[in-house]
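Data first, discussion second: the structure below is written as structure tokens.
Counting convention: from 1, in listed order, for ligands and their atoms alike.
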Amino acid sequence: MLEQKLIDENIKNIIQNIDKAAKKSGRSLEDITLIAVSKTVDVESMKYIYQKGFNNFGENRVQELTKKFTQFDDKVNWHFIGHLQRNKVKYIVDKVKLIHSVDSIRLLKEINLQAKKIGRQIPVLVQVNVAKEESKFGIKTNEIKDFMREAVNYSNIIIKGFMMIAPYEEDPEKVRPFFMELREIYDKIKKKERHNIKMQYLSMGMTNDYTVAIEEGSNMIRIGTGIFGKRMYS
Ligand SMILES: *Cc1c(COP(=O)(O)O)cnc(C)c1O
């Protein structure tokens with residue numbers, strides 16, 4: 001169990017920062033969904049913030065998510081935020097609120113197939129590698145159009161928006177243009193919605209850069225270390 005006082009302080013700061021950044025962009029705190037990224041974090045610490053009203057958790061490993069899933073009630077929204085292998089889709093498709101990390105048509109196809117089996121339509125985000133980093137997953141911005149055109153064929157998924165991970169920069173101002181770029185594309189796609197493309201979430205911003213991301217239009221931020229402190233990998 002992590003130190004509760006520290007978590008309390010962290011959360012208080014983050015909420016204040018979200019509020020300020022949201023107002024700067026003409027919105028309010030309630031417009032921003034805060035996902036607590038709980039990878040490597042123990043269940044007790046997660047329960048501590050859950051009882052304070054935070055019920056969105058982000059995990060990047062299938063096994064960790066399915067294990068933790070059994071220890072919470074169904075009011076928790078589980079977000080899958082990591083690279084997803086096709087052979088593991090079946091383990092999480094009935095558990096997740098939103099899959100943030102769809103980075104190929106092949107993966108989309110598999111999610112569609114598994115969703116069909118359980119008679120659901122699964123909400124997903126398309127991960128976009130805006131900065132074209134070799135080390136990161138996600139489709140390139142110039143591939144988005146074709147991706148969306150193909151996606152309309154899979155009616156057991158619904159595309160709800162985009163997710164991006166900005167390059168790490170000590171000064172988050174340096175990544176502002178990437179957030180801006182994705183926001184512009186998001187707005188364009190939003191104008192021509194289809195039966196299974198309903199743009200609603202722009203998942204961008206992590207501990208280091210979430211205020212800038214919100215200022216540029218993000219409405220879903222994924223915070224790990226900012227809430228729980230430095231991750232301990234066992
Ligand atoms: C780990 C992770 C986060 C959270 O990162 P922090 O810097 O700890 O806030 C957000 N998004 C994704 C996709 C992650 O893997």
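Counting atoms of ligand 1 from 1 in the listed order, those under 4.0 Å from a heavy atom of G224 are 4 (C), 6 (P), 8 (O), 9 (O). Each of the following atoms of ligand 1 lies closer than 4.0 Å to a heavy atom of I223: 9 (O). Close approach to R222 involves these atoms of ligand 1, each under 4.0 Å from a residue heavy atom: 4 (C), 9 (O), 10 (C), 11 (N), 12 (C), 13 (C). Residue T207 approaches ligand 1 through these ligand atoms, each under 4.0 Å from one of its heavy atoms: 6 (P), 7 (O), 8 (O), 9 (O). Listed by atom number, the atoms of ligand 1 under 4.0 Å from I165 heavy atoms are 13 (C).
Using modelled atom types, one finds a donor on one side chain and an acceptor on the other under 3.5 Å when comparing E30 with S28. In summary, the side chains of R27 and S25 do present a donor paired with an acceptor at a separation below 3.5 Å, with no hydrogens or angles considered. Under 3.5 Å, the side chains of K90 and Q114 contain no donor-acceptor pair of N or O atoms.
Residue contacts with ligand 1 do not include H100, since none of its heavy atoms lies under 4.0 Å from the ligand. Residue-ligand proximity: I81 is placed with a non-hydrogen atom under 4.0 Å from ligand 1.
Given atom 2 (C) of ligand 1, the protein heavy atom at minimum distance is K39 NZ, 2.6 Å. Of all protein heavy atoms, the one closest to atom 5 (O) of ligand 1 is M206 CE, 3.5 Å.
For a threshold of 3.5 Å applied to N or O pairs, the pair formed by N208 and ligand 1 contains no separation below that value.
Between K5 and D8 there is no salt bridge, since none of the side-chain N atoms of the basic residue sits less than 4.0 Å from a carboxylate O of the acidic one.
For the pairing with F57, the ring pair (Phe, Tyr, Trp, His ring centres under 6.0 Å) check across F228, F69, W78 returns one residue only, W78. Just one residue in the list E216, E169, E181 forms a salt bridge (Lys or Arg N to Asp or Glu O under 4.0 Å) with R176, and that residue is E216.
Under a hydrophobic clustering in which Ile, Leu, Val, Met, Phe, Trp and Tyr are joined whenever their side-chain heavy atoms come within less than 4.5 Å, directly or via other members, F162 and V152 fall into the same cluster.
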